[in-house]
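Step one of this worksheet: look at the structure below.
Below, chain A is the first sequence line, B the second, and so on; all start at residue 1.
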Amino acid sequence: MDTTLTSDVSMKPPSDIMNDPLIEPMSSQTENKPASEPSDDFFDLTNNVSVVAAAATKSDDFVDILGSETGAQRGEVVKADVTVEATIDKSEVTAGITDPLSQQEAKQTSTAPVIDLSGDSQPVTSKIANPLVDLFSDAPPAAEAKKPSSANVDLFDDEEGSDIFAEPLQTKPAKQLQKSLFVTAGGPLQDSKPANIFSQAAASTPSVTSTVNSKSNGVHSEEEGDIFAEATVELSLDSPRNERKKEAIAKPSAPTPTSLPAAASLTKPQPPLEEEEEEEEEDKFDIFVSVKDPEKIGDGMNAYMAYKVSTQTTLPMFRNKTFTVRRRFSDFLGLYEKLSEKHGPNGFIVPPPPEKSLLGMTKVKVGKEDSSSTDFVERRRGALERYLQRVVNHPSLLQDPDVREFLEREELPRAVSTQALSGAGFLKMINKATDAVSKMTIKMNESDVWFEEKLQEVESADQQFRKLHALVESLVVHRKELSLNTASFAKSAAMLGSAEDNTALSRALSQLAEVEDKMEQLHQEQAANDTFTFAEMIADYIRLLGAVRGSFDHRMKAWQRWQDAQSMLQKKRETEAKLLWANKPDKLQLAKEEIAEWEAKVTQYERDFERVSATVRKEVIRFEREKTKNCKRQIIKYLECLLQSQQQLIKYWEAFLPEAKAIA
Amino acid sequence: SAVLNVDLQTDAMLQVDISDALSERDKVKFTVHTKSTLPNFKQNEFSVVRQHEEFIWLHDSFVENEEYAGYIIPPAPPRPDFDASREKLQKLGEGEGSMTKEEFTKMKQELEAEYLAIFKKTVAMHEVFLCRVAAHPVLRKDLNFHVFLEYNQDLSVRGKNKKEKLEDFFKNVVKSADGVLVAGVKDVDDFFEHEKTFLLEYHNRVKDASAKSDRMIRSHKNAADDINRIASSLYTLGTQDSTDLCKFFLKVSELFEKTRKIEARIAADEDLKLADLLKYYLRESQAAKDLLYRRSRALVDYENANKALDKARAKNRDVLQAETSQQLCCHKFEKISESAKQELIDFKTRRVAAFRKNLVELAELELKHAKGNLQLLQGCLGILKGNT
């Protein structure tokens, strides 16, 4: 926090300077009268009253429009603006100071739910465990015993059995050792899919070792992130200093900045992002997928696009470190369907792939090689890549055998079901889900304020993002137009240059044409930047927000199931009472059995609901953290591209200026 | 005025400017301010209020004056056009209910800026016309001009009626037919032959460049408006709560708010330095072409008079009358040729100087704005990266 503040303050001077150029634009309006009065004037127009407002059109004013300002006038103007600037600065600084406060508040409120959560279902460990992790990794057998626990926490969560061992854990949350023991014990208990668990456990063992090793200071290994997260939160309340110190140590070792989300702890937003980011950087090395070389296969309406999906990973669950497979679009959709079917009901936010686009694809199929179809292909390729990256960076989804198969297996069985699912159908599905959510919310009479607020946040964010997306798309359209129009002006200017009979002027005009040609290039690149760095990011979030709403929907369904079971139980009890009254002992036995059965179901469903709620909560927090990081990174990338294009611009005009001056 | 005044030496004898302008519902009233030491004015300094139609009247009186056939008549200022602006204003009023307060304010700002720009441009174009006349060695002495400057009542010029407009139309048809004829005939005088070829080509090119620059600038303005709206959309996103990301959005919104001002400014400056320059030379080159047309017309008249004189001599009838007529035509043609030559040389000097001035200023402004943008981006990125 301190650093943030200082940097803010130290940035002040440059930002002052930054404002300077604006002073001049302002100065044309600083002749105040013309600036403000015509505006009155303006409104008079609406009223059809021909009141007359004057633009003080002394020729000085024109001078301003025309850019050849008189020195004295300008001086004054600048002075005025500077004072304004100064006051603004002050207020900004105060704002900066308040920041920490508000963040602290945020931290306090947000820790609360997490602590709750840990009580609910998650095994809780504390930092004390860290040294143990190191130890374990040194001693392979022990590590192996522990590994399943860490790697499979989420998996267990999905299984009914998880509750069984989660509960005992609650009693002694602090000891890592105990926890691992429990889990080893818990594994066999779980008869659902022992083989699977074991294989995964075995596979993941080395991974943890390696991760742990790679972290010099032994801060939590990433697979355990979820578990440690809560511990970190609790700790951070008591000893924020310690943590800061750790951050400080950890920072220098941090390698490249990257995207990956990964298991990353639930760590409160509180400890500044540096820490999180660092963890995620480490994750990044574990697996990286890319989608490349879109290629049209076949002809006519049966044609489809195939992509190269390459994986680079050190994760031992994969047979190789790098491998590439070829996948078609419907395979990506198929993967999504499998994942959302399996993990959606449990409250996971399954990253959605880009929608099918009949129009875009038809163009590609028809084989039109225009820019809109190359744009479409590139947009889709990028979206598919980001979709896959989100999947593999999700700690639970990465464990899914279907994901592995998708990345690794040479030939994938055709995903038939997706064929029917057109873009429209896909959207309808999402919309239906969200409709259901909103309807149910009313019925549900939400007792948990957190979910209510989050849902509202998600809905308003969805709206805002959609609006922003439309605006950025419009900017893209106008920027492309600008590029085209600049190109045609460049041609015109060149022609004018060749018609001009003054040699120096003719030369300058053809130089101008060259500058405009380069500008066209810049505008085009900028339009691509608008599209791929900005608009596509927003489009991703519109899709993801849909998925978030989907997870709320699943929570609602779990609740509904529980409620239904409860009312069924109620009915059964009433039946029993009636039978008692009617004195029919023969049927009474059956009724009692049914009650027992429904009691069990109610307990079960209630637990399910609790579990789904906990997962949704965890997932939403994870989603928000990822969103923050990803948005920041993308926007910074976007601005950097803008900056480069301004540097180019300066170069071009600087080269032109002497040419203009040489006109004689 | 600033657009083209490079060679319009303003001397103490006669200085004209537009000191004020009022925009009314469907017209603009210009206050024309004159400072002069010429003896035919009652005072040394005075102002009158004039409307666009009166400027047109003055221009037409020059065009119709035979005495001025050998000069490039300064092109008339274009009619003030606030229609587009007014239409948008109406749309704004209709859409008020469906917009957020910020959006409404933004739209209003955009429209006001646009309106102001058109207004200033209109005034500038009218001023340029007067300055050109005031700097012209012959036209500055024109009586109508003096009346225009000094007579402090309405000149009660009316717009042309339908019949007159029709006549103008036919005149133009004849003129362009003649123009084709003239273009096809090689001039005996190398200077004029060269000027003719040059002007025909130049006029078409400058017309094209002017249209293309307009389109380029319009899309630049649109892009700037988009950035403005993106800024306010990011602002809304940023004010949702006080998370880190929201603060980030606010910073970016602030940046866009500033860069869009610069982008709009670039578009406005390109409009003034480039599009307006081209537009002016579109009209000025037309005026130069008209001069060449008048000269060719006089040449044709002269040749016809020669033929008529030959015929008259052959038939020995009306020889004296034909001789007088021939001499008159010859004199007229020579007079036009003489002044036209100087006018065309001046036109070139003026053009080169104006292009130099405007292109230099354009490049300087582009540089200034690009540097401003660069600084904003650097500053903002510094802050954002420091926070990330």
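Here the closest non-hydrogen pair linking Asp501(A) and Phe198(B) is N-CE1, 3.6 Å. In plain terms, the two heavy atoms of Arg356(B) and Ala660(A) that are nearest each other are CG-O, 3.6 Å. The shortest non-hydrogen separation linking Leu374(B) to Gln646(A) is CD1-CB, 4.1 Å. Annotation for Tyr202(B) and Ala499(A): closest pair CA-CB, 4.3 Å, computed over non-hydrogen atoms. When every heavy atom of Leu512(A) is checked against every heavy atom of Leu362(B), the shortest pair comes out as CD1-CD2, 4.4 Å.
Using a 4.0 Å cut-off between charged nitrogen and carboxylate oxygen, Glu654(A) and Lys371(B) count as a salt-bridge pair. With salt bridges taken as basic N to acidic carboxylate O contacts below 4.0 Å, one links Asp244(B) and Lys632(A).
If you tally non-hydrogen atom pairs under 4.5 Å between each of Asp208(B), Ile230(B), Thr31(B) and chain A, the highest count goes to Ile230(B). The choice from Ala493(A), Cys631(A), Ala461(A) that makes the most heavy-atom pairs within less than 4.5 Å of chain B is Cys631(A). Of the listed residues Arg205(B), Arg351(B), Lys348(B), His33(B), the one with more heavy-atom pairs under 4.5 angstrom with chain A than any other is Arg205(B). Among Arg215(B), Glu201(B), Glu364(B), Arg229(B), the residue making the largest number of heavy-atom pairs under 4.5 Å with chain A is Arg215(B). Here Leu381(B) is the residue among Leu381(B), Leu278(B), Ile227(B), Thr236(B) with the most heavy-atom pairs under 4.5 Å with chain A. When Met495(A), Glu481(A), Lys627(A) are compared by the number of non-hydrogen pairs under 4.5 Å with chain B, Met495(A) comes out ahead.
In this structure, the side chains of Phe248(B) and Ile636(A) come closer than 4.5 Å at one or more pairs of heavy atoms. At least one side-chain heavy atom of Glu516(A) sits under 4.5 Å from a side-chain heavy atom of Met216(B).
Proximity to chain A is limited to the side chain of Val252(B), based on heavy atoms less than 4.5 angstrom apart. Heavy atoms closer than 4.5 Å to chain B are found in the side chain of Leu505(A), but not in its backbone. Looking at Ser460(A), the atoms closer than 4.5 Å to chain B (heavy atoms on both sides) sit in the backbone and in the side chain alike.
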**OP:** For Phe355(B) and Asn502(A), run side-chain contact (heavy atoms from CB on, under 4.5 Å): C-alpha distance rounded to whole Å, both residues' side-chain angles, the deciding distance at 0.1 Å, then the answer.
**Re:** CA-CA 11 Å; Phe355(B) 269 85; Asn502(A) 175 289; over 6 Å; no
